[in-house]
Amino acid sequence: MAMAAAIVATMPALKYLIRITFTPPFPRKLQKFHSLASLSPNFTQEGPQQQRLEQEQQNQLTNNNTTSRSSSSTSYFPKRGQTLELVCESLAFKGKGVCKVAGTGFVVMCDRALPGERFIGRVTRRKGSYAEVTKVETITPHWDLIDAPCEYAPYCGGCKTQNLSYESQLRAKEQQVRELTIHVGKFSDKVPEFCSIMKPIVPCVIQFHYRNKMEFSFGSKKWLPKELLGEEQVGNEKYALGLHAPGFFDKVLNVDKCLLQSEPANTVLAAIQDCWRDSQFSLTPYDVHSHTGFLKHLMLRTGRNAETGLPELMVNFVTSSYKPELLKPLVEKISAIPEVVCWANSILLYYSNATSLLCL
């Protein structure tokens with residue numbers, strides 16, 4: 001039985017209404033459209049220009065597929081588990097090092113590899129036109145080497161380039177923006193106007209303690225580096241308050257101080273670290289596997305008083321249930337810190353969440 005169907009799309013910006021009426025089965029070409037907002041009012045009338053455009057696109061797709069098949073048979077692809085000697089050439093987005101296999105031009109990405117560093121890497125994953133490697137051994141260090149000011153930098157995933165000088169970080173970021181402007185934004189760097197588009201990067205006066213919010217996780221499994229894995233952790237020693245270790249959702253790297261947040265926030269973090277494991281308080285971290293435990297997250301937000309300009313802090317305890325009597329010793333501890341002006345308790349459940357707020 002024939003059925004009439006109608007699709008109506010309004011486009012306020014273009015000031016017209018499209019109404020199309022057709023009878024199923026739908027034409028094959030019409031089924032390919034996912035949105036009418038990108039179509040012109042007469043898109044259903046296929047003219048010679050539209051046919052030529054579709055033919056060119058089809059020919060280009062066919063040529064690309066043919067080229068891809070022929071090149072993949074002759075291209076170099078390292079095997080998983082293979083070790084390679086590499087030199088990091090630049091930094092990509094999220095701080096991964098860009099390297100090329102000598103003599104092939106094949107691109108590999110390595111986490112925590114920095115420009116100029118020569119190292120041995122083991123292939124862990126292949127992704128089409130490139131591969132990912134894990135650094136096994138450093139042969140020669142990278143350029144502009146400095147000592148990372150944070151003791152957790154080698155393990156924490158938050159600051160991967162702290163052992164690279166700030167000036168080098170700026171150059172890498174500026175290069176990334178430049179490449180995005182040219183290759184994604186389609187701006188030509190050959191024209192004089194490019195200098196007015198691509199401005200020099202502006203350094204930040206404050207390199208640390210600039211974040212106004214940090215969220216730390218309570219965990220029942222403390223993440224340990226390889227050299228400490230043999231040590232036995234018993235009782236509350238297995239508990240941790242800090243940041244998730246890279247690649248682990250259930251293991252937490254214990255952190256006593258973070259250089260990203262303000263000094264008053266670090267004072268609060270140290271005060272809570274000093275007492276929350278005490279067995280007399282009966283506080284337990286939430287376990288993501290068994291869904292048991294009380295403490296989930298600690299959120300610290302720093303602001304400034306509009307009149308005095310002095311820092312003020314809000315402390316938010318995220319828990320699995322509403323038990324304010326358990327939080328009392330922690331609240332008493334942080335209330336002695338002058339910068340703490342407000343604390344809150346957010347209850348995060350499977351089906352809902354609630355927050356109770358108390359200003360000090």
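Numbers here are sequence positions counted from 1. The shown structure was predicted, so the numbers you read here are calculated from the model rather than taken from an experiment.
No chain of hydrophobic side-chain contacts below 4.5 Å, direct or via other Ile, Leu, Val, Met, Phe, Trp or Tyr residues, connects I120 to V101. Taking hydrophobic clusters as Ile, Leu, Val, Met, Phe, Trp and Tyr residues chained together by side-chain heavy-atom distances below 4.5 Å, L327 shares a cluster with V340. The hydrophobic clustering, which links ILVMFWY residues whose side-chain heavy atoms are closer than 4.5 Å, places L313 and L330 together. By the rule that hydrophobic residues join a cluster once side-chain heavy atoms approach within less than 4.5 Å of another member, L114 and W143 end up as members of separate clusters.
Between the NE2 atom of H142 and the OG atom of S165 there is a distance of 8.5 Å, given to the nearest 0.5 Å. Rounded to the nearest 0.5 Å, atoms CD (Q273) and NZ (K257) are 14.0 Å apart. R122 CZ to L84 CG: the interatomic distance, rounded to the nearest 0.5 Å, is 10.5 Å. Once rounded to the nearest 0.5 Å, the distance linking CE of M314 with CG of L300 reads 9.0 Å. Note: E179 CD to E174 CD = 11.5 Å, rounded to the nearest 0.5 Å. Atoms CG and CD1, from D189 and I182 in turn, are 4.0 Å apart once rounded to the nearest 0.5 Å.
Remark: the R171 side chain and the S168 side chain contain an N/O donor-acceptor pair separated by less than 3.5 Å. Side chains of Q261 and T302: no donor on one and acceptor on the other come within 3.5 Å. Side chain to side chain, S217 and H297 meet the donor-acceptor criterion of an N or O pair below 3.5 Å.
One N or O on the side chain of K296 and one on the backbone of L348 form a donor-acceptor pair closer than 3.5 Å. Side-chain N or O atoms of N163 include none that pairs as donor or acceptor with a backbone N or O of L145 at under 3.5 Å. Judged by distance alone, the side chain of K333 and the main-chain N or O of C275 form no donor-acceptor pair under 3.5 Å. Judged purely by atom type and a 3.5 angstrom limit, R304 has no side-chain atom pairing as donor or acceptor with the backbone of L310. The backbone N or O of C204 lies less than 3.5 Å from a partner atom in the side chain of Y166, making a donor-acceptor pair. A donor-acceptor pair under 3.5 Å links the side-chain atoms of Q176 to the main chain of L91, judged by distance alone.
Classification of the H291-Y286 ring pair by plane angle, with boundaries at 30° and 60°, yields tilted. Using bins of under 30°, 30° to 60° and over 60° for the plane-to-plane angle, the ring pair W223/Y155 lands in the tilted bin.
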For this session: Evaluate the criterion ring pair (Phe, Tyr, Trp, His ring centres under 6.0 Å) for residue pair F249 and H289; output intermediate values, then yes/no.
Result: CA-CA 10 Å; F249 74 98; H289 294 287; 5.5 Å; yes
For this session: Test T124 against R80 for side-chain contact (heavy atoms from CB on, under 4.5 Å), laying out the working first.
Result: CA-CA 6 Å; T124 56; R80 185 175 181 179; 5.5 Å; no
For this session: May I have the step-by-step check of side-chain contact (heavy atoms from CB on, under 4.5 Å) for Y210 and L260, ending in yes or no?
Result: CA-CA 6 Å; Y210 54 83; L260 296 183; 3.4 Å; yes
For this session: Go through the steps to decide whether F281 and W276 satisfy the test side-chain contact (heavy atoms from CB on, under 4.5 Å), and finish with yes or no.
Result: CA-CA 7 Å; F281 298 143; W276 79 274; over 6 Å; no
For this session: Could you walk me through whether F218 and Y239 pass the ring pair (Phe, Tyr, Trp, His ring centres under 6.0 Å) test, one step at a time?
Result: CA-CA 7 Å; F218 292 91; Y239 296 165; 9.8 Å; no
For this session: Could you check S90 against Q175 for side-chain contact (heavy atoms from CB on, under 4.5 Å), going step by step and ending with a plain yes or no?
Result: CA-CA 9 Å; S90 61; Q175 183 63 27; 5.9 Å; no
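Within the 4.5 Å cutoff, the side chain of E167 has no heavy atoms near those of the D144 side chain. Two residues are said to be in side-chain contact when any heavy atoms from C-beta on lie closer than 4.5 Å; K238 and K222 fail this criterion. Between V133 and L86 there is a side-chain heavy-atom pair separated by less than 4.5 Å. In this structure the side chain of S262 never reaches within 4.5 angstrom of the side chain of P311, judged on heavy atoms. For the pair F208 and Q162, the minimum side-chain heavy-atom distance is below 4.5 Å. At a threshold of 4.5 Å between non-hydrogen side-chain atoms, the residues N345 and I347 count as touching. Residues P149 and L259 are in side-chain contact: their nearest non-hydrogen atoms beyond the backbone lie under 4.5 Å apart. D111 places none of its side-chain heavy atoms less than 4.5 Å from the side chain of K135.
When all heavy atoms of L164 and Q169 are compared, the closest pair comes out as O-NE2, 2.8 Å. Among all heavy-atom pairs drawn from S282 and L326, the shortest one is O-CD2, 4.3 Å. Across C88 and C99, no two heavy atoms sit closer than the pair CA-SG, 3.6 Å. Of all heavy-atom pairs between K160 and R112, the closest is CA-NH1, 4.0 Å. Counting all heavy atoms, side chain and backbone alike, V252 lies closest to G242 at CG1-N, 3.5 Å. For the residue pair L283 and F294, the shortest heavy atom distance occurs at CD2-CD2, 4.0 Å.
Under 4.0 Å is where a charged nitrogen must lie from a carboxylate oxygen, and between K96 and E132 at least one such pair does. Salt bridge annotation for R118-E85: present, with a cationic side-chain nitrogen under 4.0 angstrom from a carboxylate oxygen.
In summary, of the residues considered (D274, D256, L298, I334), a side chain to side chain contact (heavy atoms under 4.5 Å, CB included) with L269 occurs for L298 alone.
For K251, the NZ atom is loosely surrounded, since the number of other residues' heavy atoms within 6.0 Å does not exceed 12. More than 12 heavy atoms of other shown residues, nucleotides or ligands fall within 6.0 angstrom of atom CZ in R277.
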